[in-house]
Amino acid sequence: DWTPDFRRMRFRSSTNAEDIDGFNGAGLYTSKTGWVSDTTQDKTVEKAVRKVWASVWNFRAFQEREFFGIPQDQVAMGILVHRSFPSESANGVAITKNLYRKSYYGFVINVQEGEVSVVSPPDDVTCDQLICYSDAKVDFFSDKAIVEYLSHSSLTDGASVLSREQVTHLTKQLSRIKEYYYYSVRGIKKPANYKDFALDIEFKIDGPQDQLYIKQVRVYND
């Protein structure tokens, strides 16, 4: 059954020409919101589906695929649907490796207040970027839940978007997801490259209880 809280749905691209080895494709295609049983005819599910479906032929997407040698006649669009998050307090993207120090501990997290985009922010808007080491299996890092800030959001007057407790909780969930993908999905038995294996994970903090939602997981392409 549909409830009033979940009538607002998000329709997102899921093509066979993104999130593949050697080609990320982030931001090339369109996402749209549609309301179930919309009476205004302004944000209907049908309109959202058409907009997302047609975005496979955005000019920029076509150019990017052409540059990377992806056959245009083999491109197909699918659509991922999930409920929207109208009361989100933060959103972000995490990379589950240290981008600044090879084969070292640390996850890089970019997070912004509310629903302001981290991937395609407005001009002159910066987000929190931090490295969290609480996934490290070393007492020095894990006991202190060390967080290193590289930049701060321009929307919060210098305050951190997430509390220290939220960062630590997020990082522990990211670590669980990374371990599952590394050992179970990819079937890797020897952890020789574990620190340098990375996932690109989108997340949101939503609702009065500041619930963490993992929105998307994909392998990170350097």
Quiz item: Hey, is the main chain of Tyr100 close enough, under 3.5 Å, to the side chain of Asn98 for a donor-acceptor pair?
Solution: yes

Quiz item: How far apart are the C-alpha atoms of Leu130 and Leu150, what are their side-chain angles, what is the distance that settles it, and do they pass the side-chain contact (heavy atoms from CB on, under 4.5 Å) test?
Solution: CA-CA 5 Å; Leu130 56 112; Leu150 305 180; over 6 Å; no

Quiz item: Looking at Val161 and Ala90, what are the two nearest heavy atoms and their distance?
Solution: CG1-CB, 3.7 Å

Quiz item: Roughly how far apart are Trp57 CH2 and Met77 CE, rounded to 0.5 Å?
Solution: 10.0 Å

Quiz prompt | salt bridge (charged side-chain N to carboxylate O under 4.0 Å, His left out) involving Asp196 - partner list, sequence neighbours excluded | solution = Lys102

Practice problem: Output the distance between atom NZ (Lys51) and atom NZ (Lys43), rounded to the nearest 0.5 Å. | Solution: 10.5 Å

Quiz item: Any side-chain heavy atom of Leu170 within less than 4.5 Å of one from Leu212?
Solution: yes

Practice problem: Could you give me the CA-CA distance, side-chain angles and deciding distance for Ile79 and Trp53, then say whether side-chain contact (heavy atoms from CB on, under 4.5 Å) is met? | Solution: CA-CA 7 Å; Ile79 298 179; Trp53 201 276; 3.6 Å; yes

Practice problem: State plainly whether one hydrophobic cluster holds both Tyr213 and Val217, where clusters connect Ile, Leu, Val, Met, Phe, Trp and Tyr through side-chain heavy atoms under 4.5 angstrom apart. | Solution: no

Practice problem: Go through Gln211 and Asp206 one step at a time and tell me if the side chain to side chain donor-acceptor pair (under 3.5 Å) criterion holds. | Solution: CA-CA 5 Å; Gln211 177 69 43; Asp206 184 75; over 6 Å; no

Quiz item: Would you call Leu28 and Asn58 a side-chain contact if the rule is heavy atoms closer than 4.5 Å?
Solution: no

Quiz item: Do we get Arg8 above Phe85's six-membered ring, with its NZ or CZ under 6.0 Å from the centre and within 45° of the axis?
Solution: no

Quiz item: What residue pairs, at least two apart or across chains, pass salt bridge (charged side-chain N to carboxylate O under 4.0 Å, His left out) with a residue in residues 168-177?
Solution: none

Practice problem: State, to 0.1 Å, how close Ser13 and Ser31 come at their nearest heavy-atom pair, and which atoms those are. | Solution: N-OG, 4.5 Å

Practice problem: Measure the OG-CG distance between Ser89 and Leu162 for me, rounded to the nearest 0.5 Å. | Solution: 7.5 Å

Self-check item: Side chain Thr168, main chain Glu165, donor-acceptor under 3.5 Å
Solution: no

Quiz prompt | Results of salt bridge (charged side-chain N to carboxylate O under 4.0 Å, His left out) for Glu88 - residues two or more places apart only | solution = Lys204

Exercise. Say whether, by atom type as modelled, one donor and one acceptor occur between the side chain of Asn16 and the main chain of Gln74 under 3.5 angstrom.
Key: yes

Quiz item: Mind checking whether Thr15 and Tyr29 have side chains closer than 4.5 Å, heavy atoms only?
Solution: yes

Quiz item: What's the spacing between Tyr182 OH and Glu179 CD if we round to 0.5 Å?
Solution: 11.5 Å

Practice problem: Say whether, by atom type as modelled, one donor and one acceptor occur between the side chain of Thr96 and the main chain of Leu199 under 3.5 angstrom. | Solution: yes

Quiz item: Is the closest side-chain heavy-atom distance between Cys132 and Glu148 below 4.5 Å?
Solution: no

Quiz item: Under the salt bridge (charged side-chain N to carboxylate O under 4.0 Å, His left out) test, which residues partner Arg65, sequence neighbours left out?
Solution: none

Quiz item: Do Leu80 and Val56 sit in the same hydrophobic cluster, where Ile, Leu, Val, Met, Phe, Trp and Tyr count as joined when their side-chain heavy atoms come under 4.5 Å apart?
Solution: no

Practice problem: Side-chain contact test, heavy atoms from C-beta onward, threshold under 4.5 Å: evaluate it for Tyr133 versus Thr171 and give yes or no. | Solution: no

Quiz item: What are the two closest heavy atoms between Ala61 and Ser55, and how far apart are they?
Solution: CB-O, 4.4 Å

Exercise. Could you tell me which residues satisfy side-chain contact (heavy atoms from CB on, under 4.5 Å) with Glu66, sequence neighbours excluded, listed by chain and number?
Key: Phe62, Gln72

Quiz item: Ignoring hydrogens and geometry, is there a side-chain-to-backbone donor-acceptor pair from Ser163 to Gln166 under 3.5 Å?
Solution: yes

Quiz item: By side-chain contact (heavy atoms from CB on, under 4.5 Å), which residues pair with Gln209, not counting sequence neighbours?
Solution: none

Self-check item: Set of residues satisfying ring pair (Phe, Tyr, Trp, His ring centres under 6.0 Å) with respect to Tyr180, sequence neighbours excluded
Solution: none

Quiz item: What are the two closest heavy atoms between Ser151 and Cys127, and how far apart are they?
Solution: OG-O, 3.0 Å

Practice problem: Could you state whether Ile146 and Leu99 fall into the same hydrophobic cluster, counting links through intermediate Ile, Leu, Val, Met, Phe, Trp or Tyr residues with side-chain heavy atoms under 4.5 angstrom apart? | Solution: yes

Self-check item: CA sep, side-chain torsions, deciding dist, call: Val147, Arg164, side-chain contact (heavy atoms from CB on, under 4.5 Å)
Solution: CA-CA 8 Å; Val147 178; Arg164 182 62 63 94; 3.5 Å; yes

Quiz item: Yes or no on side chain to side chain donor-acceptor pair (under 3.5 Å) for Ser84 and Arg10, after CA distance, side-chain angles and deciding distance?
Solution: CA-CA 5 Å; Ser84 67; Arg10 192 70 172 163; over 6 Å; no

Quiz item: Going by side-chain heavy atoms closer than 4.5 Å, which hydrophobic residues are tied to Val116, directly or by a chain of links?
Solution: Val125, Leu155

Quiz item: Gln173 versus His169: any side-chain heavy-atom pair under 4.5 Å?
Solution: yes

Quiz item: Can His82 and Lys215 be said to form a side-chain contact (heavy atoms from CB on, under 4.5 Å), step by step?
Solution: CA-CA 9 Å; His82 60 75; Lys215 199 171 83 170; 4.0 Å; yes

Quiz prompt | Test item: Val52 and Arg12 side chains (from C-beta on) under 4.5 Å apart, heavy atoms | solution = no

Quiz item: Is the shortest heavy-atom distance from the side chain of Lys97 to the side chain of Tyr194 under 4.5 Å?
Solution: no

Quiz item: What pairs with Ser160 under side-chain contact (heavy atoms from CB on, under 4.5 Å), at least two apart in sequence or on another chain?
Solution: Asp128, Tyr149, His152

Quiz item: Atom CZ of Phe11 and atom CZ of Arg50: how far apart are they, to the nearest 0.5 Å?
Solution: 12.0 Å

Quiz item: With sequence neighbours left out, what residues match Ala94 under side-chain contact (heavy atoms from CB on, under 4.5 Å)?
Solution: Ile109, Leu174, Phe203

Quiz prompt | Sequence neighbours excluded, every pair satisfying side-chain hydrogen bond (donor to acceptor under 3.5 Å, both in side chains) that has a member inside residues 111-123 | solution = Gln112-Ser153

Quiz item: Mind checking what makes salt bridge (charged side-chain N to carboxylate O under 4.0 Å, His left out) contact with Arg218, not counting sequence neighbours?
Solution: Asp19, Asp200, Glu202

Quiz item: Which distance, rounded to the nearest 0.5 Å, do you find between the NZ of Lys178 and the OH of Tyr183?
Solution: 9.0 Å

